[in-house]
Amino acid sequence: MDQTIKDQFIASGVDGFNAFKQSYLNNQIDQIIKDQLKSQSQQDINFENALIHLSKMRQFLSSPQNILGTLRTKHGEVAEHLEVNVRNAKNTLLGLNADATFDGVGRTAPEDFILNGVKIQSKFINGTGNTLSHVAKHLQTYQDSSIDYMIPKDQFALIEQIRNGIVPESLSAKSAQSILNKVNKLEALSGRSFSDMCHPSISNYDEVQLGKVFETVTNHQDDIVDQNHEIKKEIDRKAKEKTKATNAMRGPSVGEGLKVAGSAATVTASLSLFKGLYSKKKEGKALSHLNSEDWKELGLDAGKNGLRAGITAGSIYTLTNTTALSAPFAGAVTSAAFGMTSLFKQYYAGEIEADEVLTEGQIICFEAGVTAIGAALGQTLIPIPLLGAVIGTVATDFIWKFAKGKLGQREEALKKVLDAYSDSLLRQMDSAYRQLIEKINATFSRYHSLIDAAFDMEANSASIAAASIELAEELNVPSSNILHNHEELDAFFLS
């Protein structure tokens, strides 16, 4: 991006650019809101689907007579259904696939359910050692290495403590060693590590008992409600952050510089130069009256050519630091077009007079003037006494070309002021320098119609974009530096 646009700032709030930029940012915020509402709506669907899984669990529990086993062993099948339905509820809440299922599993098959494509046998037996014994028995009976085992969460945690050399306070050293021996036996039987073969359930042993399981389901539902609330808050928070960041882009940034879609030729002059010109204006010095010392203060030293102090148009050209662009002259004119749009609106509204349009406009168009001179005249020598007059004439001509046909009844009054000023400057020059002015104007006219089309803020955005691309191509801007579509535009503004 730094190669595309010189990041110097002419004037904040230039209406022509802001109209485009604000429209773009408004569209971005509209999209943020749409995405936020879409995400909230999807999350509502996720939440409803999560509750459906819990509803399935409640329906299963509502008919205890249909649950396999005796009153003392029914908790085994309860644990299986709790595992499948609660896992699926939590996944669904997050917008993930339900990864646990009973589909394709017979009620008395070696496996109890499928989890992430893996066959699972659930073992919920009272006592950790007893659970391990039942796992070993099942393993010896079926000898199916494709089956993994699910055991109570609290029992799994206790086993891990023992495997790490910690004897829980609830167990004697002998009991802990017995459990460890059973773990070693399982690993020997299966040829697999314990942690690869056995996994913790989402439930503790006591949570699946008939007298406790309704409370367990309610607790899971409460967790899902709370988690859903946090997810929706996060959606709103992210949308708020994106909106804030987008709104922060509304104001101009000195470090950023002016950004204009489709016009890779856009360029701005340095702040210090314009500050200096404004200072000279406040001192009462017109551009045409600046002397060699004034120009030195603005950063331009006069050269020597024989006995006459003078400066080449090419060295004026370097003032604006535009040589890195394909078409610095037209780029400077583009920047001036933006600045003058704001000034003309003030004039049209009666907030400023024609004299102010002239003095302010000359400063805004200063860069266009000096780059025009550099582009058109190269190393032609311009005497210091005439330097301000030459630049002033060109800048004034730019003001009129930007204003023509845009100011209604106030246009004639401005033209009289501009013509009078130009005539006074031309009287200071001999015929040779008048020819230079004509040469500069001829260079500018080549791009005038293209620039008018590219920055006609009354046209629709599609027409402006097409004209901007045409202008950039005419100026031989590399295609990689031209913004052709919305995708490239998004990447440019948000990078």
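Computed from heavy atoms alone, side chains included, the values below leave out hydrogens, waters and symmetry copies. Model, not experiment: these values are computed from the prediction.
Side-chain contact between Asn247 and Leu25: absent, with no pair of heavy atoms (C-beta onward) separated by less than 4.5 Å. Residues Gln36 and Lys240 form no side-chain contact, since every pair of their non-hydrogen atoms from C-beta on lies 4.5 Å or further apart. Looking at heavy atoms from C-beta onward, Lys123 lies in side-chain contact with His138 at the 4.5 angstrom threshold. Contact check for Phe124 versus Val78: no side-chain heavy atoms found under the 4.5 Å cut-off. At least one side-chain heavy atom of Glu234 sits under 4.5 Å from a side-chain heavy atom of Lys238. Side-chain contact between Leu158 and Ile179 is present, with heavy atoms from C-beta onward closer than 4.5 Å. Looking at heavy atoms from C-beta onward, Leu186 lies in side-chain contact with Val135 at the 4.5 angstrom threshold. Val225 has its side chain out of reach of His229: every pair of non-hydrogen atoms, C-beta onward, lies at least 4.5 Å apart.
With values rounded to the nearest 0.5 angstrom, Phe47 atom CZ is found 12.5 Å from Thr92 atom OG1. In this structure, the separation between CG on Leu68 and OG1 on Thr108 is 8.0 Å, given to the nearest 0.5 Å. Atoms CG and NZ, on Leu37 and Lys34 in that order, are 10.0 Å from each other to the nearest 0.5 Å. The CD1 atom of Ile224 lies 11.5 Å from the CG atom of Asn46; values are rounded to the nearest 0.5 Å. Between atom CZ of residue Arg87 and atom CG of residue Leu96 there is a gap of 12.5 Å, rounded to the nearest 0.5 Å. Taken from CE in Met197 to OG in Ser145, the straight-line distance is 11.0 Å, to the nearest 0.5 Å.
Of the possible polar contacts, none joining the Glu356 side chain to the Gly361 backbone as a donor-acceptor pair under 3.5 Å is found. Although no hydrogens or angles enter the test, the distance criterion places a donor-acceptor pair under 3.5 Å between the side chain of Ser62 and the main chain of Gln59. Remark: side-chain polar atoms of Thr141 are paired, donor with acceptor, to backbone N or O of Lys137 under 3.5 angstrom.
Between Lys119 and Asp144 there is a salt bridge, with a side-chain nitrogen of the basic residue lying less than 4.0 Å from a carboxylate oxygen of the acidic one. Under the 4.0 Å criterion applied to side-chain N and carboxylate O atoms, Asp35 and Lys242 are not assigned as salt-bridge partners. Here Asp148 pairs with Arg192 in a salt bridge; the nearest charged N to carboxylate O distance falls below 4.0 Å. A salt bridge does not link Lys153 with Glu207: every distance from a Lys NZ or Arg NE/NH1/NH2 to an Asp or Glu carboxylate oxygen is 4.0 Å or more.
A donor-acceptor pair shorter than 3.5 Å can be found between the side chains of Asn91 and Asp99. Side-chain atoms of Ser122 and Glu80 include no donor-acceptor pair closer than 3.5 Å. Inspection of the Glu160 and Asn164 side chains reveals no N or O donor paired with an N or O acceptor under 3.5 Å. With 3.5 Å as the limit, one finds no donor-acceptor pair spanning the side chains of Gln31 and Asn27. Between the side chains of Thr246 and Gln28, no donor-acceptor pair of N or O atoms lies under 3.5 Å. For the residue pair Thr70 / Thr73, a side-chain donor-acceptor distance below 3.5 Å is found, with atom types taken as modelled. Of the N and O atoms on the side chains of Ser175 and Ser178, not one donor lies less than 3.5 Å from an acceptor on the other residue.
For Asn66, the CG atom counts as densely surrounded, since its 6.0 Å shell holds more than 12 non-hydrogen atoms of other residues, nucleotides or ligands. More than 12 non-hydrogen atoms from other residues, nucleotides or ligands lie less than 6.0 angstrom from CD of Glu230. The environment of CD in Glu169 is sparse: at most 12 heavy-atom neighbours from other residues, nucleotides or ligands sit within 6.0 Å. By the 6.0 Å contact criterion, NE2 on His134 is open, its count of non-hydrogen atoms from other residues, nucleotides or ligands being 12 or less. The environment of Arg107 atom CZ is dense: over 12 non-hydrogen atoms of other residues, nucleotides or ligands sit within 6.0 angstrom.
Ring planes of Phe194 and Phe156: parallel class, angle under 30° (limits at 30 and 60°). Classified by interplanar angle (parallel below 30°, tilted 30° to 60°, perpendicular above 60°), the ring pair His75/Tyr205 is perpendicular.
The heavy-atom pair separating Ile162 from Ala176 by the smallest distance is CG2-O, 3.5 Å. Here the closest non-hydrogen pair linking Lys74 and Ile67 is NZ-O, 2.5 Å. Heavy-atom minimum distance, Thr128 versus Gln155: OG1-CG, 3.4 Å. Here the closest non-hydrogen pair linking Gln121 and Ala109 is NE2-O, 4.5 Å. For the pair Ile114 and Asp103, the tightest heavy-atom approach, listed with the atom from each and the gap, is CG1-O, 4.5 Å. Of all heavy-atom pairs spanning Leu61 and Pro64, the tightest one is O-CD, 3.5 Å.
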- Passes side-chain contact (heavy atoms from CB on, under 4.5 Å), Phe102 versus His81? Steps please. CA-CA 9 Å; Phe102 292 111; His81 282 261; 3.5 Å; yes
- Task: Output, in order, the C-alpha distance, side-chain angles, deciding distance and verdict of side-chain contact (heavy atoms from CB on, under 4.5 Å) for Lys232 and Gln40.
- Result: CA-CA 6 Å; Lys232 298 195 73 173; Gln40 290 284 9; 2.5 Å; yes
- Audit row: Leu343, Ile352, side-chain contact (heavy atoms from CB on, under 4.5 Å) steps and yes/no: CA-CA 9 Å; Leu343 201 62; Ile352 59 175; 3.8 Å; yes
- Audit row: Val84, Asn88, side-chain contact (heavy atoms from CB on, under 4.5 Å) steps and yes/no: CA-CA 6 Å; Val84 169; Asn88 287 344; 3.7 Å; yes
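Judged by the 6.0 Å and 45° rule, Arg410 forms a cation-pi pair with Tyr347.
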